[in-house]
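Written below as structure tokens is the structure these notes are about.
Scope of the values below: all heavy atoms of this structure, side chains included, with no hydrogens, waters or symmetry mates.
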Amino acid sequence: TPEQYANRFGLSQSDVAKTAAWLRSQGFSIAEIARGRTYIAFNGTAAQVEAAFHTEIHRYLVKGEWHYANASEPFLPAALAGVVSGISSLHNFSPKPRLVSPKPRLVSPKPRLTSSVTGNHFLQPGDFATIYNLTGLYSSGIDGTGQTIAVAGQTDLVTDSNGNFSDIVSFRQNSGLSTPPNLTTRLVSSDPGMLTSDIDEANLDVEWSGGVAKNAHIVLVVGNPNTGGGAFDALQYAVSNNLAPVISISYGLCEPQLDSATQSALTSAGQQANAQGQTIVAPSGDGGAADCDSGTSATSGLAVDFPASMPYVTSAGGSEFNGDAANSTSPCAATQYWSGGQCTVQDTSATALSYIPEMAWNDTAVDGSLSASGGGLSILFTQPTWQTGLTAITNGMRGVPDISLSASADHDGYLICSQGSCSCGFRNSCTINNNTTQGSFDPFGGTSASVPTFAAIVALINQKTGVPQGNVNRALYSLAASTPSAFHDITVGNNIVPCTVGTQNCPAAAPFQIGYSAGPGYDLATGLGSVDAGALMS
């Protein structure tokens, strides 16, 4: 429990009291003292921060966005230097969602679930269950009943005039799931309101964690990105209050852009989560092997995503279905992997017939921008014991990702209902019995999709075993060696992306690109591969 953790590993009661008293003496108000005595959350003005910590708070224009941040490292009085490892959230550079919307184009591979409204194609929970072998578990009653998943986010959900979560209700009705959703929300501190930049991410995370663990209780934990660490604060809060045995966070920052205080705070949270039996699942990133970059070409070199790079977290990478494109002359005909008649079925119908072979997700070439499974070697964390002996890891550092699941927005995008602000050209109305709702019916991907779906699989494992799993990585790597049938080893594809000549890690000779290829066993593009959930739990 958090209290047991506090007694073994947290600050002493006297040190907590001394630190809180000093903060109050500087004019700050105490918002929360962590139950594990690992942090104190406090509120104050910029002027109070400048006076107390001997640093200046400035406004900065970064990539067209205004931010505030401390201009120098904060100073602490000598009396506190031995008990405080860092001061986080003196800035509002919040973590970024790791979701991708499909890019409009004239020609692209098509998934075979077809909307009867628009003719566009989506992946829905029934398809996911068939492809990753969950249907037998559902039949035996392993459906998330009695389990809780905490989703770390940084926006409120849309509600209707009756207080119902309208997007979530629409999604579950479209997908043939029970309604109303078993969903609650928790605010970490101040309310950010409904942020259009984050609402699609929140809907994806809530809808799909509850779409795979169909009867689980979902708790959306909302941090404010405008006044603090956003989803990072939500992660800390979910650990400090032991809100759920499984935590899904689809946000991250590349390691080189991470400040030391945030790293220290979340590393402590990861350790505490594992001690409390909590499993954390985080995304490996969507920029291929160049996690710090976006746009068309990498300039910042090789990098991996945090907090997925922590050894206390299961890092979820991305795969893409391979070899199941529609028949160009008869696009509605049945194939080996999809049933026939998809062009006339209702939107709630699942049409997948079996597992579909996968390759590493990399849509960079067709999207015209970096869009691939994050992966590589950490610069912050050493190689954990459960990765010992892996030939892909050559420098003694933590390898990312651990596992992968489907993540391509183009082939096959995950259906969500959302009233967000997608400009991908695929939007159409969420329909229930041919009635249009306020939401939209959209496909999304990215490693943000891998995270809530794998978190849901862990919740099913918890239900079947009757105990929380904590850090599942040791078991995953052990099973990969002893029971390889629990995984689909992905040996095709890569997360290689183009780079700009003369920039970090970019080779001096063509081809000007950086990254890693999938191969037999563990690799730095797809990890151990995707999972066969039925075999994983047998």
Could you check if a side-chain atom of [X] sits within less than 4.5 angstrom of a side-chain atom of [Y], using non-hydrogen atoms only?
{"X": "P97", "Y": "D198", "result": "yes"}
{"X": "P95", "Y": "Q154", "result": "yes"}
{"X": "V222", "Y": "T155", "result": "no"}
{"X": "T314", "Y": "I280", "result": "no"}
{"X": "L266", "Y": "F306", "result": "yes"}
{"X": "S448", "Y": "E201", "result": "yes"}
{"X": "V219", "Y": "V151", "result": "no"}
{"X": "N182", "Y": "I218", "result": "no"}

Is the Lys NZ or Arg CZ of K214 less than 6.0 Å from the centre of Y138's six-membered ring, within 45° of the axis?
yes
Check whether any side-chain N or O of [X] sits under 3.5 Å from a backbone N or O of [Y] as a donor-acceptor pair, and report yes or no.
{"X": "T130", "Y": "G126", "value": "yes"}
{"X": "N495", "Y": "A372", "value": "no"}
{"X": "S371", "Y": "D367", "value": "no"}
{"X": "N362", "Y": "I496", "value": "yes"}
{"X": "D286", "Y": "T447", "value": "yes"}
{"X": "E320", "Y": "G318", "value": "no"}
{"X": "Q147", "Y": "A213", "value": "no"}
{"X": "D160", "Y": "G163", "value": "yes"}
{"X": "S378", "Y": "F381", "value": "yes"}
{"X": "S319", "Y": "S406", "value": "yes"}

If the condition is side chain to side chain contact (heavy atoms under 4.5 Å, CB included), which residues does [X] pass it with, not counting sequence neighbours?
{"X": "T185", "result": "F165, L220"}
{"X": "S538", "result": "none"}
{"X": "I393", "result": "L377, Q383, Q387, L390, N395, Y522"}
{"X": "A316", "result": "V281, I403, S450, V451"}

Evaluate the side chain to side chain donor-acceptor pair (under 3.5 Å) criterion for residues S418 and D200: first the C-alpha distance (whole Å), next the side-chain angles of each, then the deciding distance (0.1 Å), finally the verdict.
CA-CA 6 Å; S418 183; D200 287 336; 2.4 Å; yes
I need the [X] [atom1] to [Y] [atom2] distance, nearest 0.5 Å.
{"X": "I168", "Y": "T159", "atom1": "CD1", "atom2": "OG1", "value": "11.0 Å"}
{"X": "S209", "Y": "I457", "atom1": "OG", "atom2": "CD1", "value": "12.0 Å"}
{"X": "N242", "Y": "Q276", "atom1": "CG", "atom2": "CD", "value": "4.5 Å"}
{"X": "S240", "Y": "R35", "atom1": "OG", "atom2": "CZ", "value": "7.0 Å"}
{"X": "Q263", "Y": "S88", "atom1": "CD", "atom2": "OG", "value": "12.5 Å"}
{"X": "N471", "Y": "Q278", "atom1": "CG", "atom2": "CD", "value": "12.0 Å"}

Is there a donor-acceptor contact under 3.5 Å linking the side chains of [X] and [Y]?
{"X": "T267", "Y": "Q271", "value": "no"}
{"X": "N92", "Y": "N226", "value": "no"}
{"X": "S190", "Y": "N224", "value": "yes"}
{"X": "T145", "Y": "D143", "value": "yes"}
{"X": "Q272", "Y": "Y5", "value": "no"}
{"X": "D259", "Y": "T262", "value": "yes"}

Show the nearest heavy-atom pair for residues S178 and N215, with the distance to one decimal.
OG-OD1, 3.7 Å
Could you tell me which non-hydrogen atom of P181 sits nearest to which non-hydrogen atom of V169, and how far apart they are?
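Result for this residue pair: CD-CG2, 3.7 Å.
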Test log, rule side-chain contact (heavy atoms from CB on, under 4.5 Å), inputs F454 and V212
CA-CA 9 Å; F454 186 72; V212 175; over 6 Å; no
Closer than 4.0 angstrom, basic N to acidic O: yes or no for D291 and R98?
yes
May I have the step-by-step check of side chain to side chain donor-acceptor pair (under 3.5 Å) for E32 and Y39, ending in yes or no?
CA-CA 8 Å; E32 179 194 6; Y39 68 83; 3.2 Å; yes
Please walk me through it: do S404 and S530 pass side chain to side chain donor-acceptor pair (under 3.5 Å)?
CA-CA 5 Å; S404 290; S530 67; over 6 Å; no
side-chain contact (heavy atoms from CB on, under 4.5 Å) between D305 and E255, intermediate numbers included:
CA-CA 6 Å; D305 210 59; E255 286 186 334; over 6 Å; no
Working note: I461 + K464, criterion side-chain contact (heavy atoms from CB on, under 4.5 Å); need CA distance, chi angles, decisive distance, verdict.
CA-CA 5 Å; I461 296 173; K464 183 168 185 180; 5.9 Å; no
Under the ring pair (Phe, Tyr, Trp, His ring centres under 6.0 Å) test, which residues partner Y132, sequence neighbours left out?
F128
Please collect all disulfide (SG to SG under 2.5 Å) contacts where either partner lies in residues 220-256, sequence neighbours excluded, each pair once.
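For residues 220-256: C254-C292.
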One pair to check against side chain to side chain donor-acceptor pair (under 3.5 Å): S408 and D363. What are the steps and the verdict?
CA-CA 7 Å; S408 172; D363 289 330; 2.7 Å; yes
